Protein chains: 2
Amino acid sequence: MTDPASRRVTLRDVADHANCSTATVSRALNSPEQVAVEVRARIDASIKALGYVPNGAARALRSQRSQIVGAVIPTIKYSIYARLIESLERRLAMDGYSLLLTTHDYDPVKELEQTQLLLTRGVEGIVLVGDSHDGGLHQLLAKHRRPYVNTYVFNPASKHPCIGFDNRLAAARAARYLHDLGHRRIAVITGPTKNNDRQADRLAGIRSALEERGLDLPSSMVIERPHLIENGREALEILFQLPEPPTAVLCGSDVLAFGVLSECQELGVSVPNQLSVVGFDDQDFAKHLRPALTTVGIPAVEMGIEAANYILRKLNRQPANNFTNLDVQLIVRGTTMPPAALSTQGKRAVPVSA
Amino acid sequence: MTDPASRRVTLRDVADHANCSTATVSRALNSPEQVAVEVRARIDASIKALGYVPNGAARALRSQRSQIVGAVIPTIKYSIYARLIESLERRLAMDGYSLLLTTHDYDPVKELEQTQLLLTRGVEGIVLVGDSHDGGLHQLLAKHRRPYVNTYVFNPASKHPCIGFDNRLAAARAARYLHDLGHRRIAVITGPTKNNDRQADRLAGIRSALEERGLDLPSSMVIERPHLIENGREALEILFQLPEPPTAVLCGSDVLAFGVLSECQELGVSVPNQLSVVGFDDQDFAKHLRPALTTVGIPAVEMGIEAANYILRKLNRQPANNFTNLDVQLIVRGTTMPPAALSTQGKRAVPVSA
DNA sequence: CTGTTAGCGCATTCAT
DNA sequence: ATGAATGCGCTAACAG
């Protein structure tokens, strides 16, 4: 059956076997309704008998459609982008598209190179993360006229299509919530802000929200570390060596918050009594930490689906919104409450929602 | 500079611009040493000036090399495979290869379809997870004569190359460890075993290890659930409604173990005093849970690197081991100790960590 | 509804 | 060291 010396089975072979032309086989594959049922049946049988698998390179070369979409993300390691990738891949697969995945480790030059590589590979569209990229990247995208979309950000003033949320507002809301609870010594543990507009925006959002309330955010209260649990721990340790430790801490990710909670247990710092903690992402584990983590829930799955939708619509020349703002939610759970000073002094009753 | 009405820049354009033939440009790209330095410089300049990006489809069609490797994994959601994918992608990128990623949700038919799709896309090699696949998959692989490798498993008796570890032995070691501590009522919370030889093997390994010690594993002590934290919680709840709850529980993944620990806190079950817990994977968070999770550390990163190495070596016709067994470690941390019965009866002094 | 024809862009002979 | 010519496998005009 399987001839070990045979070369690859081609459309030609199928055509010969089914006694028709290659064009007909091609049609049977791509627009079956244009082929007589009888012929189609013969072709299908031949395809099966020969074990024919189309050659995507030839198809892509001829039709200029590779059926591949590329994604360039910072990293898969932090699991932050896993949900995005998962939903993106699924949505694309529904329309017969495959996902070419590359990472750049927060290096804009690598991001540019990887994008160029994706274009070389013939991807029809590109999904990016963030709004700020190397200038060359935008040139490249413009030159190739391939649909692309930035995710994890929403900026209607941008020249580039995006699907995501306003990182400033989201983080600001969390900051205001802590302020409303009565916290005045609020610290921030942020992920790397260099080449990462999402983290930078969140930090900026916090800063401006606190300033609006007349609060300063001293540099001693801002710690920047990669998104690793141990870094959250380390950051908390540093904060608690301060002469005046914070009563609340806003984290740039749930991963960092995880580390904070972990270290609090280690140091005997009681959460939320002594310290309130807020995460960002609402990853799966957030609700299962003890106490359950108060955090900012982001639409990771939706971003993946909508990014895929956007690219697919563009590819099919259907209208598509260039700017999609998705909802973010402050999810109040067990790691936040009014600061000890307040409750002790009984200055004010502060309701804690569920 | 960028002509908006221009079609894609091709090799032809570069050749014209650099005043040479397309063959020479092609050589300058693929075997620069064969081209005179002077001409090469001219070509490089032209490439830059025109913003030329090679057409991968044409290149792949002509040379039969797509520079793409495919991976078919169960899912990205559980983050279990994130480290594998991350290291795989990085290693491939080092050699100029891109990664086409697809998922199959533990559905063998989908796995077959996805693999076929990858072949259509022209991947040069394929990385799979597990040793048991649909029969059609192996036929397909054989027919296309593309290098492929199973990961997460080690089975030298298999007909298929693999890079991984012996799931039976790894899980058996954990079971023996619990038995050695004195546990006799040991429960298992396993991930889905259907179409998942890794989980099935781990369960089998546990069962036989216990049988060797004269211990039975009743069905009431085995709970099978997808790898979600909440499922770990639910499973523990069920186990503790048993007339005789276990004194130790072996989990098929750290994620399930996470849920167990979480629920223990909820129910006031003291770990490890009342219950010992062992995970599987040693994910990042394992050491940061409180108590720190005793677990089986698997070589996720190495598997990715070695899988890439294997495929790359095969593609370059270099010798490569078809069977690679990587080390697994039982990492004893804070969630395991002898059962309460033993310590209560004062048979033995048991230290309680932290 | 089907066949004929002509390339898509590139890498690779074979010459020179 | 370089150029001319060929075809990888397929789809899309165009006829019929």
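What you see is a predicted model; the values in this text were computed from it and never measured.
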Looking at every strand, decide which applies to B/Leu61 at a 4.0 Å heavy-atom threshold: base, sugar-phosphate, or nothing. base
Would you kindly give the CG-to-P distance between A/Leu11 and D/dC10, to the nearest whole Å? 4 Å
D/dC10 P sits how many Å from A/Leu29 CG, rounded? 9 Å
Over how many whole Å does the gap from B/Gln64 atom CD to D/dG7 atom C1' extend? 11 Å
Are A/His133 and A/Asn150 close enough that a side-chain donor and a side-chain acceptor fall under 3.5 Å? yes
Decide if atom CD of B/Glu38 counts as having more than 12 heavy atoms of other residues, nucleotides or ligands within a radius under 6.0 Å. no
Sort me out a list of protein N/O and nucleotides 12-16 of chain D N/O pairs below 3.5 Å, or just none if empty.
unit_1	atom_1	unit_2	atom_2	d
D/dA12	O4'	A/Arg62	NH2	3.2
D/dA13	N6	A/Arg27	NH2	3.4

Answer yes or no: is there an ion pair linking A/Asp44 with A/Arg40, defined by an N-O contact shorter than 4.0 Å? no
Are the charged groups of B/Arg8 and B/Asp13 less than 4.0 angstrom apart, N to O? no
Below 4.0 angstrom, N of the basic side chain to O of the carboxylate: do A/Arg65 and A/Glu124 qualify? yes
Heavy-atom donor-acceptor pair, A/Asp95 side chain to A/Leu92 backbone, under 3.5 Å: no
Both A/Tyr52 and B/Glu33 contact DNA chain D. Which one's nearest nucleotide lies toward the 5' end? B/Glu33
For a 4.0 angstrom threshold against heavy atoms of chain B, report the outermost contacting nucleotides of DNA chain C in 5' to 3' order. C/dG9 to C/dT13
Assign A/Val39 to base, sugar-phosphate, or nothing according to its heavy-atom contacts below 4.0 angstrom with the strands shown. sugar-phosphate
Is there a side chain to side chain contact (heavy atoms under 4.5 Å, CB included) between B/Leu101 and B/Ile73 once you walk through the steps? CA-CA 8 Å; B/Leu101 182 69; B/Ile73 64 172; 4.1 Å; yes
Can you say whether the rings of B/His138 and B/His160 are parallel (under 30°), tilted (30 to 60°) or perpendicular (over 60°)? parallel
Rounded off to whole Å, could you give me the CZ-to-P distance for the B/Arg12 and D/dT6 pair? 15 Å
Go through the side-chain N and O atoms of A/His17 and A/Tyr52 and say whether any donor and acceptor fall under 3.5 Å apart. no
Length of the CD-P vector between B/Gln34 and D/dG3, whole Å: 14 Å
Can you tell me the distance, in whole Å, between the CG atom of A/Asn55 and the C1' atom of D/dT11? 13 Å
Atom-pair distance (CD on A/Gln67; P on D/dC10), nearest Å: 14 Å
